[in-house]
Amino acid sequence: MPTFVLIPGAGGSAWVWSRVTRLLLEAGHDVIAVDLPGDDETAGLNRYAELMVDAIGSRSDVVLAAGSLGGFTAPLVCERVPVRELVLVNAMIPEPGETAGDWWAHTGAVEAREEAARAGGYGPFDVATYFLHDVDAEVAAEGEAYQRNEADVVFGSVCDFTAWPAIRIRVLVGADDRFFPIGLQRKIARDRLGVEADVLPGGHLLPVVQPRLVADYLLQTTRS
């Protein structure tokens, strides 16, 4: 029975995984959803990785899941502790030595987002339109207490890893993600990992919107 270790995205709040966490616990697994100091200007990727490694401790049967910006922390963790499997959920997928600040230009993410917005007719960026468009109003209200801005320092932090680990890596994307459109995510997964992305209905906050589907996807590791 693996332990699921969950990395949050920008802001660092583990709340985004809270509904998935409950379902994994009900399935009999140990689950660690780590709060990261996303709003701390003295922290950065290495500090995030240290906190993840500390949380994992001596556990050796770990499935690591990372959402959004958490994709930049994931490979650093994989180089420091044994990880059985990695799942990237609507995640930024870095190349060795890349920064999160440079990722946008390197991948064409902004252009892809703007093109998708024109095609979908939902206009320029704002949080409600791009992150909360498919989140239940009560759930969104609950999450307000956990929201934190991501400090600028992390976007200049080098993702200092040698290579993606030689383990099973799965990429899960939301068909309705307006922040990282599905076409962009599929291309990056193929180009950088050689992986075909799996798709679920839902937007960027997939663990919030589709907790049962995300939990079931994660649990596939135990049936593989």
Under 3.5 Å, which donor-acceptor pairs do the side chains of residues 178-185 form with other protein atoms, sequence neighbours left out?
unit_1 : atom_1 : unit_2 : atom_2 : d
Arg178 : NH1    : Thr129 : O      : 3.1
Gln185 : NE2    : Asn90  : OD1    : 2.9
Gln185 : NE2    : Asp177 : OD2    : 3.3
Gln185 : NE2    : Phe180 : O      : 3.0

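- In this structure, the side chain of Ser18 does not engage the main chain of Ala14 through any donor-acceptor pair within 3.5 Å.
- One finds the CG atom of Leu213 at 8.0 Å from the CG atom of Leu206 (value rounded to the nearest 0.5 Å).
- Evaluation of the side chain to side chain contact (heavy atoms under 4.5 Å, CB included) rule for Pro94 yields Phe72, Pro75, Glu98, Cys159, Phe161, Trp164 as partners, not counting sequence neighbours.
- Around CD of Glu115, the count of heavy atoms belonging to other residues, nucleotides or ligands within 6.0 Å does not exceed 12.
- Within the 3.5 Å criterion, the main-chain N or O of Gly203 finds a donor-acceptor partner in the side chain of Asp134.
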Stepwise side-chain contact (heavy atoms from CB on, under 4.5 Å) check, Val110 with Glu114
CA-CA 6 Å; Val110 174; Glu114 291 174 347; 3.6 Å; yes
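- If you run side-chain contact (heavy atoms from CB on, under 4.5 Å) between Ile7 and each of Leu69, Val34, Thr73, Val89, only Thr73 comes through.
- Put simply, the side chain of His29 gets close to the backbone of Pro2: a donor and an acceptor are under 3.5 Å apart.
- Ion pairing between Glu50 and Arg47 holds under the 4.0 Å rule for side-chain N and carboxylate O.
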What pairs of donor and acceptor atoms, side-chain ones from residues 51-60 against any protein atom, are under 3.5 angstrom apart with sequence neighbours left out?
unit_1 : atom_1 : unit_2 : atom_2 : d
Arg59  : NH1    : Ala55  : O      : 3.1
Arg59  : NH1    : Ile56  : O      : 3.1

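- Residue Glu41 qualifies as enclosed at atom CD: its count of foreign heavy atoms under 6.0 Å is above 12.
- Remark: the backbone N or O of Ile93 is paired with a side-chain donor or acceptor of Arg192 at under 3.5 angstrom.
- A distance of 5.5 Å separates OH of Tyr130 from OH of Tyr122, quoted to the nearest 0.5 Å.
- Screening Leu24, Asp61, Ile32, Val63 against Thr3 for a side-chain contact (heavy atoms from CB on, under 4.5 Å) leaves a single residue, Ile32.
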